[in-house]
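Proteins come first, then strands; the chains are lettered A, B, ... in the order of their sequence lines, and each starts at number 1. Note: hydrogens, waters and symmetry copies are ignored here, and every other heavy atom, side chains too, is used.
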2 protein chains.
Amino acid sequence: MIVKALKKGHTLQTEDGREILGPDATKGERTRVRILDEAAALASESGIGAVTLGPLAERLGMSKSGLFAHFKSKEALQVEVLMRAAERFTEVVIAPIRAEKDKPKRLGMFFENWLDWIEHPGLGSGKGGCPILAAHFEYDDVPGPVRDQAAKHNGEFYDLIRRLVAVALPHADQDAMVAAIDGLGLSHLLRVRLMGDKKARAHTMQAFEALLKNPPLKGA
Amino acid sequence: MIVKALKKGHTLQTEDGREILGPDATKGERTRVRILDEAAALASESGIGAVTLGPLAERLGMSKSGLFAHFKSKEALQVEVLMRAAERFTEVVIAPIRAEKDKPKRLGMFFENWLDWIEHPGLGSGKGGCPILAAHFEYDDVPGPVRDQAAKHNGEFYDLIRRLVAVALPHADQDAMVAAIDGLGLSHLLRVRLMGDKKARAHTMQAFEALLKNPPLKGA
DNA sequence: GTCTGAATAGCACGACCGTTCGTTTTATTC
DNA sequence: GAATAAAACGAACGGTCGTGCTATTCAGAC
């Protein structure tokens with residue numbers, strides 16, 4: 001459970017002290033955030049497709065209909081869960097790297113943060129994986145708003161990598177680097193979560209460092 | 001629809017002429033194969049989780065109960081679908097590369113065959129993606145027989161890559177190469193299927209060739 | 001305090017899920 | 001052909017799904 005305080009007049013905070021809602025937030029808004037956080041934890045454990053009203057309501061200690069009233073549909077809820085997870089991703093993985101001014105080091109810092117996230121996304125329980133990545137594969141062939149949202153996130157993610165590469169390794173081919181870096185993360189996820197490979201991190205990092213040393217070159 | 005013939009006395013064949021069942025196969029065995037092929041096509045389009053009795057029975061023009069009688073449970077059906085898809089994968093991606101005797105070329109041939117499969121797995125409709133890969137991400141955190149089967153496939157797949165690398169690039173670090181190659185395929189899948197990126201193949205191949213030219217080295 | 005609207009609960013619905021069972025149809029063997 | 005086994009069907013089960021309704025409770029403004 002991420003959310004601690006609920007009372008009005010107090011600032012709503014999470015375990016790591018982030019401020020979500022100001023002191024004058026209405027109760028509905030507070031519950032909404034609570035729902036989204038719990039739903040993200042559920043999605044993290046069992047995939048976005050497992051975010052269903054009944055079990056989610058039970059985890060929250062509220063009724064299905066009370067929960068449902070906060071969203072127009074289940075699909076809308078799922079899309080918002082993805083957005084919420086993306087927020088957390090930005091806070092945990094992306095925001096901290098701005099402190100690093102050395103560009104190549106910044107790229108490396110991003111990659112390690114990302115691997116940390118893949119291993120332990122900051123979404124409650126601590127048990128599950130990244131729901132956004134899971135959604136990418138779950139909905140890559142299923143048209144609809146969930147897929148659209150997933151594609152949007154992935155596009156922004158690729159842009160981020162491309163920018164990091166552009167300033168860190170100006171001579172490298174950016175698109176090929178995006179493919180290689182993105183791939184290392186995806187493969188890392190499978191080796192950690194599906195295979196339970198204890199050495200996954202070492203192998204991933206070795207491949208990453210070799211990639212930085214000899215990147216695919218522009219126009220090659 | 002893959003299966004053409006059903007009558008006994010004739011050899012059961014698929015569109016591409018593979019022989020599945022001999023001429024003395026019982027009717028139940030024939031139907032079983034027909035079910036598995038159709039289920040694989042369905043899984044390819046919408047994921048293994050979408051392989052449900054009702055819709056599958058309708059696509060087959062048979063009753064839910066008639067279908068169900070061939071398997072002890074839905075989970076057993078899903079596991080068999082994965083096994084069937086893995087068979088196809090072996091036939092389409094792996095078997096042909098034995099013809100190539102030059103080891104480095106064989107590795108490249110495997111990779112291109114794999115990309116072809118990712119773009120158009122040979123599983124019916126032609127519309128969907130690879131159900132095995134989808135299952136890896138769908139079930140990476142969901143314990144049970146489906147996950148176990150998926151992990152088994154992935155383990156064998158990694159072994160295959162490792163062997164191909166070992167003979168093609170003996171000086172390269174095999175585990176890091178597995179991570180890099182597996183990753184390029186996974187990322188390719190997202191860029192093709194989720195993002196609809198027309199240039200995905202060019203970027204993937206550029207990264208792959210750069211990887212072959214400067215692979216991560218042993219003990220580095 | 002009272003009032004008012006927001007927030008939640010309770011209940012019911014139709015649809016679909018996997019599964020079971022008894023019956024009927026269809027293959028296969030004699 | 002008849003006899004027997006295999007296969008498929010149809011109906012029904014208990015369960016869960018998402019989603020409407022209406023009623024109740026509760027929080028916030030006066």
Side-chain angles (χ1 to χ4, degrees), chain A residues 3 5-12 21-36 38-39 42-43 46-81 138 142 144-146, chain B residues 3 5-12 21-36 38-39 42-43 46-81 138 142 144-146:
Chain A
V3 171
L6 253 185
K7 305 266 172 57
K8 181 154 176 185
H10 297 74
T11 300
L12 186 65
L21 259 19
D24 55 349
T26 178
K27 194 197 172 198
E29 289 164 0
R30 290 159 193 278
T31 320
R32 210 185 146 79
V33 172
R34 204 166 60 95
I35 294 173
L36 253 15
E38 192 64 39
L42 179 56
S46 315
I48 200 77
V51 175
T52 58
L53 286 311
L56 180 55
E58 195 175 1
R59 284 170 69 134
L60 287 160
M62 65 186 297
S63 72
K64 259 203 318 178
S65 49
L67 193 168
F68 183 76
H70 286 271
F71 307 90
K72 283 182 288 191
S73 73
K74 192 192 79 169
E75 262 187 345
L77 166 62
Q78 291 176 327
V79 169
E80 291 210 49
V81 169
E138 207 170 334
V142 187
V146 177
Chain B
V3 171
L6 255 184
K7 304 265 173 59
K8 181 154 170 184
H10 297 75
T11 300
L12 185 64
L21 260 18
D24 55 350
T26 178
K27 195 199 172 194
E29 289 164 0
R30 292 159 193 276
T31 323
R32 210 184 146 79
V33 171
R34 203 165 60 96
I35 293 174
L36 253 15
E38 192 64 39
L42 179 55
S46 315
I48 201 78
V51 176
T52 58
L53 286 309
L56 180 55
E58 196 176 359
R59 283 171 68 135
L60 287 160
M62 67 187 296
S63 71
K64 260 205 312 181
S65 52
L67 192 168
F68 182 78
H70 286 271
F71 307 89
K72 281 182 291 193
S73 71
K74 191 191 82 170
E75 262 187 347
L77 166 61
Q78 290 175 327
V79 168
E80 290 211 50
V81 169
E138 207 170 336
V142 187
V146 177

Trainee: When the side chains of residues 68-78 of chain B are checked against the rest of the protein, which donor-acceptor pairs come out under 3.5 Å, sequence neighbours left out?
Mentor:
residue  : atom : partner  : partner atom : Å
Ser73(B) : OG   : Glu75(B) : N            : 3.4
Ser73(B) : OG   : Ala76(B) : N            : 3.1
Gln78(B) : NE2  : Ile48(B) : O            : 3.1

Trainee: Measure the spacing between OG1 of Thr31(B) and CD of Glu29(B) and express it to the nearest 0.5 Å.
Mentor: 9.5 Å
Trainee: Quick one: what's the B/S/- string for nucleotides 5-18 of chain D, heavy-atom cutoff under 4.0 Å, read 5' to 3'?
Mentor: --SSBB------SB
Trainee: For the residue pair Met62(A) and Leu67(A), what are the closest heavy atoms and their distance?
Mentor: CE-N, 3.5 Å
Trainee: In whole angstroms, how far is the P atom of dA6(C) from the CZ atom of Arg30(A)?
Mentor: 17 Å
Trainee: Enter the distance from Glu58(B):CD to Thr52(B):OG1 here, rounded to the nearest 0.5 Å.
Mentor: 10.5 Å
Trainee: List the atom of Val51(A), the atom of Leu56(A), and the distance in Å for their closest heavy-atom pair.
Mentor: CG1-CD2, 4.2 Å
Trainee: What is the separation between atom CZ on Phe71(A) and atom P on dG20(D), rounded to the nearest whole Å?
Mentor: 15 Å
Trainee: Just how far, in rounded Å, is P of dC17(C) from CD of Glu75(B)?
Mentor: 17 Å
Trainee: What's the shortest heavy-atom distance between Ala39(B) and Val81(B), and which atoms?
Mentor: CB-CG2, 3.5 Å
Trainee: Taking only residues two or more places apart in sequence, or in another chain, which ones meet Ala50(A) in a side-chain contact (heavy atoms from CB on, under 4.5 Å)?
Mentor: Ser46(A)
Trainee: Nearest 0.5 angstrom please: Ile35(B) CD1 to Leu42(B) CG, how far?
Mentor: 12.5 Å
Trainee: I need the CG-P distance between Leu60(A) and dA7(C), as an integer number of Å.
Mentor: 16 Å
Trainee: Please list, pair by pair, any protein nitrogen or oxygen found under 3.5 Å from a nitrogen or oxygen in nucleotides 13-15 of chain C.
Mentor:
none

